[in-house]
Amino acid sequence: MKILLGLALLAALNSAQLTAPTKNYNVTSPVSDGPYVVGQVLPCTYQLFSDIDSSSLNLEIALEPAGGSLTSNGTIVIAESADVSKTSAFAKQNGNLTYYEHSINYQIPNKVLPGSYQVVFFDKSTNTQLPVPIEIRPQAQSTSATSPTKTPGASGVSSSDKSIFAGASSTQDLFASVTLSSLVVVAGIALWL
């Protein structure tokens, strides 16, 4: 039973990982259909495995508008030739498996309009692409410099007509849905046994 529970949790954790068409690298971020914000970091993380030859891999990473999305710009190259080295500086272990993880933390330019995009991992050596759909959202609006109003009868406590919880984080929503999915899987296995 413990083995099945462990496998279910491992499967839930690895569900965000995408494999390249040629199966010579995996992408762990950005998260497919994940929300990202103009002016914030867009993480691009990919893994190379020690038992797979990636010596000819020539990886370009770009941000492109998806479908008919209206943007102020076309394709933005994040990395023209991403690092695909397999050195100890990038080595990680997962059980008996050694892999090499590289990350590029790309600052989304302020000129990028909110909308649907895809981060394209393009292997120039094989002419194959791994597109990861994402949503880019606008930056939060700055609050005005006006002072909040005092609530009658509550000395020292101020209030305004805006809630600090009005714009709940989509990252929290994503985390909650992944957690809920994992719990459903575990509960299903427990009932099955």
Side-chain angles (χ1 to χ4, degrees), residues 10-49 52 54 56-85 90 92 99-143 165-185:
L10 184 61
L13 291 174
N14 287 331
S15 63
Q17 183 170 291
L18 301 172
T19 301
T22 53
K23 302 192 183 338
N24 55 349
Y25 66 93
N26 286 344
V27 171
T28 58
S29 66
V31 175
S32 189
D33 294 316
Y36 298 91
V37 179
V38 170
Q40 300 288 324
V41 170
L42 171 64
C44 299
T45 305
Y46 51 99
Q47 300 171 337
L48 310 168
F49 296 96
I52 297 175
S54 58
S56 64
L57 180 61
N58 185 0
L59 193 60
E60 176 181 281
I61 305 171
L63 178 65
E64 299 180 347
S69 188
L70 298 174
T71 62
S72 61
N73 47 284
T75 299
I76 299 172
V77 176
I78 294 172
E80 191 169 328
S81 183
D83 186 2
V84 294
S85 62
F90 302 106
K92 303 234 180 186
Y99 62 94
Y100 302 88
E101 186 171 82
H102 296 269
S103 286
I104 297 171
N105 289 323
Y106 179 70
Q107 184 86 21
I108 301 172
N110 290 329
K111 70 178 183 176
V112 172
L113 294 175
S116 296
Y117 288 82
Q118 56 186 6
V119 177
V120 178
F121 291 78
F122 176 55
D123 182 354
K124 296 179 200 175
S125 64
T126 60
N127 202 30
T128 57
Q129 295 184 359
L130 176 58
V132 181
I134 64 168
E135 179 186 347
I136 295 184
R137 296 185 176 174
Q139 288 179 320
Q141 299 296 320
S142 61
T143 59
F165 302 107
S169 169
S170 291
T171 303
Q172 290 173 339
D173 294 342
L174 179 63
F175 178 73
S177 67
V178 168
T179 302
L180 181 59
S181 299
S182 299
L183 289 173
V184 168
V185 168

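All values below come from the heavy atoms of this structure, side chains included, with hydrogens, waters and symmetry mates left out.
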Where Pro30 and Cys44 come nearest, the two heavy atoms and their spacing: CD-CA, 4.3 Å
Residue among Leu18, Val84, Ile52, Leu48 satisfying side chain to side chain contact (heavy atoms under 4.5 Å, CB included) with Tyr25: Leu48
Asn26 versus Ala20, closest heavy-atom pair with distance: OD1-N, 4.5 Å
Those residues that, when tested against Lys23, pass side-chain contact (heavy atoms from CB on, under 4.5 Å) (two or more places apart): Thr19
Sequence neighbours excluded, every pair satisfying salt bridge (charged side-chain N to carboxylate O under 4.0 Å, His left out) that has a member inside residues 114-129: Glu60-Lys124
With sequence neighbours excluded, residues passing side chain to side chain donor-acceptor pair (under 3.5 Å) with Asp83: Ser85
Residues which pass side-chain contact (heavy atoms from CB on, under 4.5 Å) with Pro133, listed by chain and number, not counting sequence neighbours: Ser32, Asp33
All side chain to side chain donor-acceptor pair (under 3.5 Å) counterparts of Asn127, not counting sequence neighbours: none
Partner residues of Thr22 under the side chain to side chain donor-acceptor pair (under 3.5 Å) criterion, sequence neighbours left out: Asn24
Reported CG-to-OG distance for the pair Leu57 and Ser125, which is rounded to 0.5 angstrom: 5.5 Å
Any donor-acceptor pair under 3.5 Å from Glu135 side chain to Tyr117 backbone: no
Side chain to side chain donor-acceptor pair (under 3.5 Å): pairs with one or both residues in residues 34-45, sequence neighbours excluded: Ser29-Thr45, Thr45-Ser103
Test log, rule side-chain contact (heavy atoms from CB on, under 4.5 Å), inputs Tyr46 and Leu130: CA-CA 11 Å; Tyr46 51 99; Leu130 176 58; over 6 Å; no
Partners meeting ring-ring contact (aromatic ring centres under 6.0 Å, His included) with Phe90 (sequence neighbours left out): His102
Set of side-chain contact (heavy atoms from CB on, under 4.5 Å) partners for Glu64, sequence neighbours left out: Thr75, Gln118, Val120
Partner residues of Glu80 under the salt bridge (charged side-chain N to carboxylate O under 4.0 Å, His left out) criterion, sequence neighbours left out: none
Under the side-chain contact (heavy atoms from CB on, under 4.5 Å) test, residues paired with Gln139 that sit two or more places apart: Val37, Val38, Asn110
Nearest-0.5 Å distance that lies between atom CD in Gln47 and atom NZ in Lys92: 8.5 Å
Pro65 to Gly74 - nearest heavy-atom pair and separation: CD-O, 3.9 Å
Pair Ile136-Leu42, side-chain contact (heavy atoms from CB on, under 4.5 Å): steps then yes or no: CA-CA 10 Å; Ile136 295 184; Leu42 171 64; 5.8 Å; no
Sub-4.5 Å side-chain heavy-atom contact between Ile76 and Ile108: no
